[in-house]
Student: 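Submitted below is the structure of interest, expressed as structure tokens.
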Amino acid sequence: MKKSGLITLLAFAMLLGCKSQVSQTQNDSPQLQHSTIPPREYSIAAVLWQQHSGEYRALAYQAFNLAKMQLDLLLANNEMRGKPLAIVTDIDETILDNSPYSGKQIELQEDYVPERWTEWVNEKKAKPVPGALEFFKYAKSRGVEVFYISNRTVDQEKATLENMRAVGFPYSNSEYMLLADETSRKGKRRATVEETHEIIMLIGDNLSDFSTVFENRSTEDRNTSVDSLKAVFGNRYIVLPNAIYGDWETKGILEGKYDWTKFQKDSIRKRKVISY
Ligand SMILES: [Mg+2]
């Protein structure tokens, strides 16, 4: 083959290669381009943080150290009150660490599936959040009762109590356990405790663990309410960190809608990241 013929052939082959690349990109639908997004990929950093960072542990200790200080202060100033004193606490990511469940979701690249959550609950392997056990044992030693208000479901009570008893939480029995029945909203269950006890402190990782004012609200509304109640945090309300999940995501970032596709969720998350 003559040199000029070879050059022409090479140029033609390069052109074909370029054309093939262009047409492949043009034919990819947005769905195909996103089809490789693993549904829990975005949560890997948060799960690693909860499982491995000293900072997570330090924040948990800080929360319970603060709770103890406030409890001591309250009891020192306690005038004879009519009702026995109680602390109301959430369970998940407040006293029990469920990050291995989130790890399993990442391993399987699986969004929330009720059966998977039940599988984890029935394993009864959740470990205490750092500082939680010591604090609740201390509260009991000071004569303060502890009520567990959780959105675990009633059918998960037995496994939950067995898990809590195995690691040593006080008041781990049905009388002190108010699980989700007809609603995940906790106000009614707090009112039930208030019928017989004076609630002196609430502990949780989700704003709805504290007050109905935070429930079903947008990010902006939640943040405005937090700002307006800033004096109560670290005082009557003790907050644990949870960057993996919570109303901040479902009600805030995802705007309370549960039927987004995974592509829409990915797009919303990226759109809401604040840059400069
Ligand atoms: Mg929780």
Side-chain angles (χ1 to χ4, degrees), residues 40 43 46-47 49-51 56-57 59-64 66-67 86-105 111-112 114 116-118 120-121 123-133 135-136 146-157 159-161 163-164 167 169 171-172 176-181 183-190 193 199 201-217 219 222 225-226 232-234 236-254 256 258:
R40 301 299 299 179
S43 69
V47 173
W49 183 73
Q50 183 161 317
Q51 294 183 333
Y56 167 76
R57 300 182 70 76
L59 280 169
Y61 285 128
Q62 183 171 275
F64 287 111
L66 201 50
I87 293 171
V88 163
T89 183
D90 171 54
I91 293 178
D92 296 314
E93 269 48 65
T94 297
I95 68 160
L96 290 182
D97 171 6
N98 299 292
S99 63
Y101 161 74
S102 303
K104 180 62 79 178
Q105 284 185 297
D111 257 325
Y112 175 74
R116 185 78 55 213
W117 171 247
T118 302
W120 163 248
V121 169
E123 288 275 329
K124 298 175 269 185
K125 284 183 181 166
K127 293 185 177 140
V129 166
L133 205 50
F135 173 71
F136 290 109
V146 180
F147 286 87
Y148 301 96
I149 298 186
S150 163
N151 283 339
R152 287 193 177 200
T153 48
V154 173
D155 59 309
Q156 293 166 343
E157 180 176 290
T160 302
L161 283 172
N163 191 159
M164 287 170 57
V167 292
F169 279 105
Y171 302 105
S172 294
Y176 290 91
M177 182 76 68
L178 291 89
L179 300 182
D181 35 31
T183 173
S184 62
R185 302 183 78 162
K186 294 185 170 180
K188 203 171 140 193
R189 282 172 278 166
R190 284 192 289 268
V193 175
I199 299 174
M201 186 182 290
L202 296 113
I203 309 182
D205 66 297
N206 203 28
L207 289 175
S208 56
D209 295 329
F210 303 103
S211 167
T212 52
V213 304
F214 300 115
E215 285 177 359
N216 296 319
R217 309 278 300 280
T219 294
R222 299 174 91 244
S225 296
V226 168
V232 190
F233 294 99
R236 179 175 156 84
Y237 298 167
I238 302 292
V239 189
L240 274 296
N242 181 2
I244 302 177
Y245 65 91
D247 286 355
W248 66 268
E249 184 194 24
T250 51
K251 306 283 168 54
I253 304 297
L254 299 176
Y258 291 87

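Every number for a ligand or one of its atoms is a count from 1 in the order of the listing. Because the structure is a prediction, the values reported are computed rather than measured.
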Student: Would you please say whether a donor-acceptor pair under 3.5 Å links the side chains of Tyr245 and Glu93?
Tutor: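 Yes, Glu93 and Tyr245 have a side-chain donor paired with an acceptor closer than 3.5 Å.
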
Student: Rounded to the nearest 0.5 Å, how far does CD of Gln51 lie from CZ of Arg57?
Tutor: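 That separation rounds to 11.5 Å.
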
Student: Hey, which N, O or S atom on Asp92 ends up closest to the Mg ion (ligand 1)?
Tutor: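 Of all N, O or S atoms in Asp92, the Mg ion (ligand 1) lies closest to O.
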
Student: So does Asp90 have any N/O/S atom less than 2.8 Å away from the Mg ion (ligand 1)?
Tutor: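 Yes, since at least one N, O or S atom of Asp90 sits under 2.8 Å from the Mg ion (ligand 1).
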
Student: If you measure only the distance, is there a donor-acceptor pair under 3.5 Å linking the side chains of Thr212 and Glu215?
Tutor: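 Per modelled atom types, Thr212 and Glu215 side chains form no pair under 3.5 Å.
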
Student: For the Mg ion (ligand 1), what is the closest N, O or S atom on Asp205?
Tutor: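 Result: OD1.
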
Student: If you compare all heavy atoms of Ile149 against all heavy atoms of Val193, which two are closest, and at what distance to 0.1 Å?
Tutor: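 Answer, listing the atom of Ile149 first, then Val193: CD1-CG2, 4.3 Å.
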
